[in-house]
J.: 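Handing you a structure now.
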Amino acid sequence: MRIATWNVNSIKQRVDHLVTWLGERQPDIVCLQELKCVDEAFPREAIESAGYNVAVHGQKAFNGVAILSKRPFDEVAVRLPGQLLSGDEDPQSRFIEVLVSTAQGVVRVGNLYLPNGNPPETDKYPYKISWMNRLIKYADERLKLGEPFVLTGDFNVIPTPADVHNPAAWAGDALFLPQTRERYRALVNLGLTDALRAVSDAPGLYTFWDYQAGAWQKNQGIRIDHMLLSPQAADRLATVGIDKHVRSWEKPSDHVPVWLDLDVD
DNA sequence: ATGTCGCGACCATCGCGA
């Protein structure tokens, strides 16, 4: 089973790229982030015509996540459990989870768009950290199920200096601050495996290049789109890929697809 | 040193988010 993640930076702007990429990569499950549209505006027909079931959790203008699957969904749930620091419900559409059956059992996939958190001196950063704490609690509960579980999406976290072209330039950024990385380690240390790092220690593996300052042309990227695996999924990991070539297409997203193959079919 | 997109409000440019 091939599972992928891609922050498309507006699904309406990127639907042609998505359909092209679905055809060439043939993923079974795709997690999308930054849809930037409400559910009713999601281009469902184009994606269903490509052979996918669609589960959408959208929002006007910002955020928004979706999961596509060739197999039917056994379960769909939206919104990460927990509340804002104020105690109010979180109004931002940043999480969707599905359960899908295979010949060998089930696979659970959680798809997230973690808050960016910049600028860090504003209330955006405490929102990011509290969201990460909610994610840790959720992941701990899911790991107790003992299922093949893939927690993936745009984490807006640069885990280590090996995951950024110029670490010094990112030192004060919410994606790379010590507290951000500490919370990410706490998440992984629950028992999750970073799929990409399970197969490669190579530097220079990036998933995002800023539109500004010629970052793509100079390969000044960062690795912030991750695929974390429960032990039952990690034991079945076969391959991991980053479809870097998609960043060179005309009018691209600033993120590229990341995918993996699990031996669960 | 700077360099970009996408969205929405509102009409052509701007503020916001990234």
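By convention in this document, chain letters (A, B, ...) are assigned in the order of the sequence lines, proteins followed by strands, and residues within each chain are numbered from 1. Bear in mind the structure is a predicted one, so any value in this text is a computation, not a measurement.
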J.: Could you check how far NZ of Lys128(A) sits from C1' of dA18(B), rounded to whole Å?
T.: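 Taking atom C1' of dA18(B) as the reference, NZ of Lys128(A) is at 11 Å.
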J.: Rounding to a whole Å, what distance do you find between Trp209(A):CH2 and dC5(B):P?
T.: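 After rounding, the reported distance stands at 16 Å.
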J.: Quick one: look up who dG3(B) pairs with, Watson-Crick or G-U, both distances under 3.5 Å, and put none if it's unpaired.
T.: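 Its partner: none found.
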J.: Would you kindly give the CG-to-P distance between Leu35(A) and dC7(B), to the nearest whole Å?
T.: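 Spelled out: CG on Leu35(A) to P on dC7(B) is 11 Å.
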J.: Give the C-alpha distance, both sets of side-chain angles, the deciding distance and a yes or no for salt bridge (charged side-chain N to carboxylate O under 4.0 Å, His left out) between Asp39(A) and Arg44(A).
T.: CA-CA 9 Å; Asp39(A) 292 6; Arg44(A) 178 179 287 270; over 6 Å; no
J.: Any heavy-atom pair between the side chains of Trp21(A) and Val30(A) that's under 4.5 Å?
T.: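 Val30(A) reaches Trp21(A) side chain to side chain.
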J.: Once you apply a heavy-atom cut-off of 4.0 Å, does Phe208(A) come out as touching a base, just sugar-phosphate, or nothing?
T.: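 Nothing: the residue Phe208(A), judged by heavy atoms under 4.0 Å, touches no strand.
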J.: Between atom OH in Tyr125(A) and atom C1' in dG17(B), what is the gap in whole Å?
T.: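 In whole Å, dG17(B) C1' lies 18 Å from Tyr125(A) OH.
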J.: Please determine, for the side chain of Lys36(A), which listed nucleotide (dC7(B), dA9(B), dA18(B)) has the closest atom?
T.: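 Among the listed nucleotides, the one closest to the side chain of Lys36(A) is dC7(B).
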J.: Measure up the His17(A) and Trp249(A) rings against each other and bin them: parallel (under 30°), tilted (30 to 60°), perpendicular (over 60°).
T.: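 The arrangement is perpendicular - the two ring planes meet at more than 60°.
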J.: Would you say Ser10(A) places a side-chain N or O within less than 4.0 Å of OP1 or OP2 belonging to dC7(B)?
T.: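 Indeed, a polar side-chain atom of Ser10(A) lies that close.
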J.: Select from Gln92(A) and Cys37(A) the residue whose nearest nucleotide in DNA chain B is closer to the 5' end of that strand.
T.: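 It is Cys37(A), whose closest nucleotide lies nearer the 5' terminus.
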J.: Please tell me if Gln13(A) has a side-chain N or O lying less than 4.0 Å from either OP1 or OP2 of dC7(B).
T.: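 For Gln13(A), the contact criterion (side-chain N or O under 4.0 Å from OP1 or OP2 of dC7(B)) is met.
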J.: Is Pro27(A) close to Tyr52(A) at the side-chain level, that is, under 4.5 Å between some pair of heavy atoms?
T.: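 Contact flag for Tyr52(A)/Pro27(A) side chains = yes.
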J.: Nearest whole angstrom, please: distance from the C1' of dG17(B) to the CG of Asp254(A).
T.: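 It is 12 Å, rounded to the nearest whole Å.
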J.: Can you tell me if Lys251(A) touches the phosphate of dG6(B), counting only side-chain N or O atoms and a distance under 4.0 Å to OP1 or OP2?
T.: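 For dG6(B), OP1 or OP2 has a side-chain N or O of Lys251(A) closer than 4.0 Å.
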J.: Does dC7(B) have OP1 or OP2 sitting under 4.0 Å from an N or O in the side chain of Lys60(A)?
T.: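 No.
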J.: Does a side-chain N or O from Arg14(A) land closer than 4.0 Å to OP1 or OP2 of dC5(B), or not?
T.: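 Looking at the OP1 and OP2 atoms of dC5(B), neither is under 4.0 Å from any side-chain N or O of Arg14(A).
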J.: In whole Å, what is the span from the NZ atom of Lys12(A) to the C1' atom of dC5(B)?
T.: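 Rounded to the whole Å, the gap is 15 Å.
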J.: Check each of Asp263(A), Asp265(A), Asp261(A) against Arg2(A) using the salt bridge (charged side-chain N to carboxylate O under 4.0 Å, His left out) test, and report the only one that passes.
T.: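 Of all the options given, the one that passes is Asp261(A).
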J.: What's the gap between dG17(B) and dT2(B) when it is taken at their P atoms, as a whole Å value?
T.: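 It works out to 23 Å between them.
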J.: Without decimals, in angstroms, what is the distance between Glu250(A) CD and dC5(B) P?
T.: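 After rounding, the reported distance stands at 11 Å.
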J.: Students often get this wrong, so: under 4.0 angstrom with heavy atoms, is Ala213(A) touching a base, only sugar-phosphate, or nothing?
T.: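 Counting heavy atoms under 4.0 Å across all strands, the contact made by Ala213(A) includes a base.
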J.: To the nearest Å, give me how far apart CD (Gln59(A)) and P (dC7(B)) are.
T.: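 From Gln59(A) CD to dC7(B) P: 14 Å.
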J.: Heavy atoms only, 4.0 Å cut-off, all strands: where does Gln212(A) land among base, sugar-phosphate and nothing?
T.: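 Counting heavy atoms under 4.0 Å across all strands, the contact made by Gln212(A) includes a base.
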J.: Distance check, P atoms only: dG15(B) and dG3(B), in whole angstrom units.
T.: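 Pairwise P distance, dG15(B) against dG3(B), rounds to 15 Å.
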J.: Please indicate whether Asn189(A) has more than 12 foreign heavy atoms, meaning atoms of other residues, nucleotides or ligands, lying under 6.0 Å from its CG.
T.: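 Yes.
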J.: Which is more 5' along DNA chain B, the nucleotide nearest Glu34(A) or the one nearest Gly214(A)? Just name the residue.
T.: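 The answer here is Gly214(A).
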